[in-house]
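Let me begin by presenting the structure, written as structure tokens, before commenting on it.
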Amino acid sequence: MDSIATAPSPDWTIPQDWQHYTAEDHATWDLLFERQSALLPGRASAAFLKGLDVLKLSRPGIPDFDELSERLMAATGWQVVAVPGLVPDAVFFDHLANRRFVAGNFIRRPDQLDYLQEPDVFHDVFGHVPMLADPVFADFIQLYGQGGQRAMQLGALDKLARLYWYTVEFGLVREDGALRIYGAGIVSSAGESRFALESESPNRIGFNLKRVMRTRYRIDDFQQGYFVIPSFDALLKAAVETDFAPLYAELEELPDLEPGDVRSEDVVFNWGTQTHATAG
Ligand code: HBI
Ligand code: FE
């Protein structure tokens, strides 16, 4: 199902138009949901699994954003709004700064189950929205939105986008001594849900804000390195306590790091073999 060709409003939101989904669209959601639900116990963070439960996302079919937003609003003051696909950065940040999460209203085709470039409703709603039911993470994402608006003014968006990428999209968290997934890009992918935790190939490195903001990332394949936070409180604390303007100035003077790099100052949980990346 392609995204419906509705001209977006100035904030790029469109009606979800839940009635437009076909039986095949709902079946695709159910297939993806069943596949990930079987994988995530023991792999996903407790906060993610709790969010699935609080938001009653296990019901069959593509969720109705109005119903979902009612439950999400009650939990953390967030709502889910429909968009046709990627929206301009400034629009994206304004929504996040106002506790509105933008979600694609289309779903991938059955032949695209394993990967698609644009975030569809499964990536956005199954991948991202459960974490928004966690009060601490909900605060972090709103801060990210406000930080994005500021980063654009400072010409530092490329650095801040790395923070989002290595946490919100591809982050790992330590829970009871084990590594768990909370990043939407991992949790919505069958292959990467296994790879991120079990493969010997990628690095797994303790989260450090400056380190993450120096590190390039890949958009075309599994990550060569994952960063591990000790808790969501620690992630929020880092965002709240950092004065980003001087950090951006410092980062301008430092060379970028490659996705597979390991540094002497890194806390290394796994020094990856990079066999997946070099296998090509
Ligand atoms: N638009 N719909 C949508 N979803 C995203 O995740 C998104 C976006 N626009 C910009 C964007 N993400 C990133 O480039 C920013 O985090 C920098
Ligand atoms: Fe995403």
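In this text, all values refer to a predicted model and were calculated from it rather than measured experimentally. Sequence positions, counted from 1, serve as the residue numbers for this chain. All ligand and atom numbering here is 1-based and tracks the order in the structure.
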Give a yes-or-no answer on whether the side chains of Thr273 and Thr275 include a donor-acceptor pair shorter than 3.5 Å.
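Yes, Thr275 and Thr273 have a side-chain donor paired with an acceptor closer than 3.5 Å.
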
Could you list each N/O atom of ligand 1 together with any protein N/O atom closer than 3.5 Å, one pair per line with the distance?
from, atom 1, to, atom 2, distance (Å)
ligand 1, 1 (N), Val87, N, 3.0
ligand 1, 2 (N), Gly85, O, 3.0
ligand 1, 9 (N), Val87, O, 2.8
ligand 1, 14 (O), Asp89, OD1, 3.2
ligand 1, 16 (O), Tyr144, OH, 3.1

For Asp220, salt bridge (Lys or Arg N to Asp or Glu O under 4.0 Å) partners two or more places apart:
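By the salt bridge (Lys or Arg N to Asp or Glu O under 4.0 Å) rule, Asp220 matches Arg218.
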
Between Arg214, Arg216, Arg211, which is the residue that forms a salt bridge (Lys or Arg N to Asp or Glu O under 4.0 Å) with Asp256?
Arg216

Hey, which N, O or S atom on Glu169 ends up closest to the Fe ion (ligand 2)?
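Atom name returned: OE2.
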
Just do the salt bridge (charged side-chain N to carboxylate O under 4.0 Å, His left out) check on Glu198 and Arg43 with the steps written out, would you?
CA-CA 10 Å; Glu198 286 137 42; Arg43 287 192 178 91; 2.7 Å; yes

Within the stated cut-off of 2.8 Å, is an N/O/S atom of Asp124 closer than that to the Fe ion (ligand 2)?
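Coordinating: no.
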
Suppose you place the vertex at the Fe ion (ligand 2); what is the angle out to His128 NE2 and His123 NE2, to 10°?
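The NE2/NE2 angle about the Fe ion (ligand 2) sits at 100°.
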
Applied to residues 137-152, the salt bridge (Lys or Arg N to Asp or Glu O under 4.0 Å) test, sequence neighbours excluded, yields Arg99-Asp139

For the residue pair Tyr164 and Tyr144, is the inter-centroid distance of their aromatic rings smaller than 6.0 Å?
yes

State which residues pass side chain to side chain contact (heavy atoms under 4.5 Å, CB included) with Pro41; sequence neighbours excluded, sorted by chain then number.
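Result, side chain to side chain contact (heavy atoms under 4.5 Å, CB included) vs Pro41: none returned.
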
